[in-house]
Amino acid sequence: VLLAAYVGYLGLGAAVLQALERPAEVQAAQHLLQQHWELLANHTCLQGPALQRLIEGIIQAYKSGITLRGNTTSLGRWDFSGSFFFSISAITTIGYGNLSPSTAVGRIFCIVFALFGIPLNLVLLNEIGQLMLLGVQHCARRLEEVFHWQNKASFLMKTCALVTGLLLFLLLPPLLFSDKEGWSYEEGFYYSFITLSTIGFGDYVIGMNPDRTYPSWYKNVISLWILFGMAWLALVIKFCINILE
């Protein structure tokens, strides 16, 4: 029964996503093809194969974090802050997919780094989660002692912890992303959940717009937000697991 429910849930998700996203995909493909033929028609000196090679080169360069800016290129994804953000996305298993090592030595190091980093990250997240739970339980005991509440104190503190976590990790960060990235609130909220749940699609990643200047503290603060936000969301998911079980 559980397996049937699992497969049925996946089938439902697939059907809904197909209905919502397939028309947009077809429209985008038609628009891209139209732009391709218009470009070749308006610039007769361009050859189809040469244009295709240029497009593929641009796509590959973009995946490597390099974009054209006039007659120069923009670098910066592999500076220290960018590398630090990649490291945390690797050991937290978010894996956005927008950036990856391009050298053989870098790939081998990434394997070894993740092999030891993922368990270290899980241990740290577990400790942070336990500290959060201990804080909630301590506050609940204090309320019971002061107001002589029994079940009310525990329920009240759990509710406060849930609301505080929602504000700090899901509802307020999109405002920062709107300011620094130019995203809408909905896009920022979507990025927040996709990141903290470690889904990490990679369609939205902070600090990657070459047309924007980011403060030096930005990625470091977001790294801390990811660490504590993942611990909080793990507790919420654990609570949902208990309900389902």
Side-chain angles (χ1 to χ4, degrees), residues 10 13 16-17 20-21 62-65 67 76-101 110 113-133 161-241:
L10 290 176
V16 173
L17 288 171
L20 293 176
E21 298 296 330
Y62 181 78
K63 289 180 179 179
S64 302
T67 56
R77 291 194 181 186
W78 286 113
D79 57 10
F80 184 79
S81 62
S83 300
F84 185 86
F85 190 73
F86 172 81
S87 298
I88 195 171
S89 69
I91 66 173
T92 55
T93 70
I94 296 174
Y96 289 113
N98 69 310
L99 188 62
S100 59
C110 189
F113 180 75
L115 184 64
F116 293 96
I118 291 173
L120 177 63
N121 177 71
L122 292 175
V123 171
L124 179 61
L125 289 182
N126 183 62
E127 290 297 320
I128 293 175
Q130 292 300 321
L131 287 175
M132 289 180 176
L133 281 178
L162 178 63
V163 172
T164 302
L166 280 173
L167 286 172
L168 290 178
F169 302 121
L170 288 179
L171 298 180
L172 292 180
L175 299 177
L176 175 64
F177 300 141
S178 297
D179 177 58
K180 299 301 180 184
E181 304 289 343
W183 299 341
S184 66
Y185 185 86
E186 176 271 328
E187 291 172 327
F189 183 82
Y190 167 79
Y191 167 79
S192 299
F193 182 81
I194 293 300
T195 294
L196 297 184
S197 61
T198 72
I199 296 173
F201 288 126
D203 48 353
Y204 290 91
V205 184
I206 60 106
M208 296 300 174
N209 190 341
D211 297 325
R212 287 182 173 267
T213 302
Y214 300 98
S216 57
W217 53 263
Y218 184 50
K219 286 187 177 180
N220 296 328
V221 169
I222 297 304
S223 298
L224 289 176
W225 166 76
I226 289 175
L227 191 62
F228 287 92
M230 282 180 61
W232 171 80
L233 190 59
L235 293 176
V236 175
I237 292 175
K238 185 178 180 181
F239 176 71
C240 295
I241 290 173

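Here the straight-line distance linking atom CH2 of Trp225 with atom CG of Leu168 works out to 11.5 Å at 0.5 Å rounding. Summarising the geometry, atom CG belonging to Leu125 is positioned 14.0 Å from atom CH2 belonging to Trp232; distances are rounded to the nearest 0.5 Å. Atom CD1 of residue Ile226 and atom CG of residue Leu233 lie 12.5 Å apart, to the nearest 0.5 angstrom. With rounding to the nearest 0.5 angstrom, the CG atom of Leu172 is 10.0 Å from the CG atom of Leu166. In this structure, CD1 in Ile88 is found 12.5 Å from NZ in Lys219, a value given to the nearest 0.5 Å. To the nearest 0.5 Å, the span separating CZ on Phe239 from CD1 on Ile237 amounts to 13.0 Å.
Put simply, the side chain of Ile206 reaches to within 4.5 Å of the side chain of Tyr218, judged on heavy atoms. Side-chain atoms of Ile222 and Leu176, non-hydrogen and from C-beta on, do get closer than 4.5 Å to each other. Side-chain contact check for Leu131 versus Glu127: every heavy-atom pair is 4.5 Å or farther apart. Proximity of Ile94 to Ile194: side-chain heavy atoms (C-beta onward) are nowhere separated by under 4.5 Å. Between Phe86 and Ser89, some side-chain heavy-atom pair lies under the 4.5 Å cut-off. Side-chain contact between Phe189 and Leu171 is present, with heavy atoms from C-beta onward closer than 4.5 Å. Residues Leu227 and Leu124 meet the side-chain proximity criterion, which asks for heavy atoms closer than 4.5 Å. Side-chain contact between Ser223 and Phe85 is present, with at least one heavy-atom pair separated by less than 4.5 Å.
The two atoms that bring Cys110 and Pro101 nearest to each other are CB-CG, 4.1 Å, heavy atoms only. Gly129 and Ala231 get closest at one heavy-atom pair: N-CB, 4.2 Å. Residues Pro119 and Ala114 come closest through the heavy atom pair CD-O, 4.1 Å. Summarising the geometry of Met132 relative to Leu235, their closest heavy-atom pair is CB-CD1, 4.0 Å, with the distance given to 0.1 Å.
The side chain to side chain donor-acceptor pair (under 3.5 Å) test applied to Tyr96 returns Tyr191, Thr195, not counting sequence neighbours. With sequence neighbours excluded, the residues satisfying side chain to side chain donor-acceptor pair (under 3.5 Å) with Tyr214 are Glu181.
The environment of Phe84 atom CZ is sparse: at most 12 non-hydrogen atoms of other residues, nucleotides or ligands sit within 6.0 angstrom.
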*Derivation of the side-chain contact (heavy atoms from CB on, under 4.5 Å) call for Tyr190 and Phe201*: CA-CA 11 Å; Tyr190 167 79; Phe201 288 126; 3.3 Å; yes

*Please test Leu170 against Leu196 for side-chain contact (heavy atoms from CB on, under 4.5 Å), starting from the C-alpha separation and ending with a verdict.*
CA-CA 9 Å; Leu170 288 179; Leu196 297 184; 4.2 Å; yes

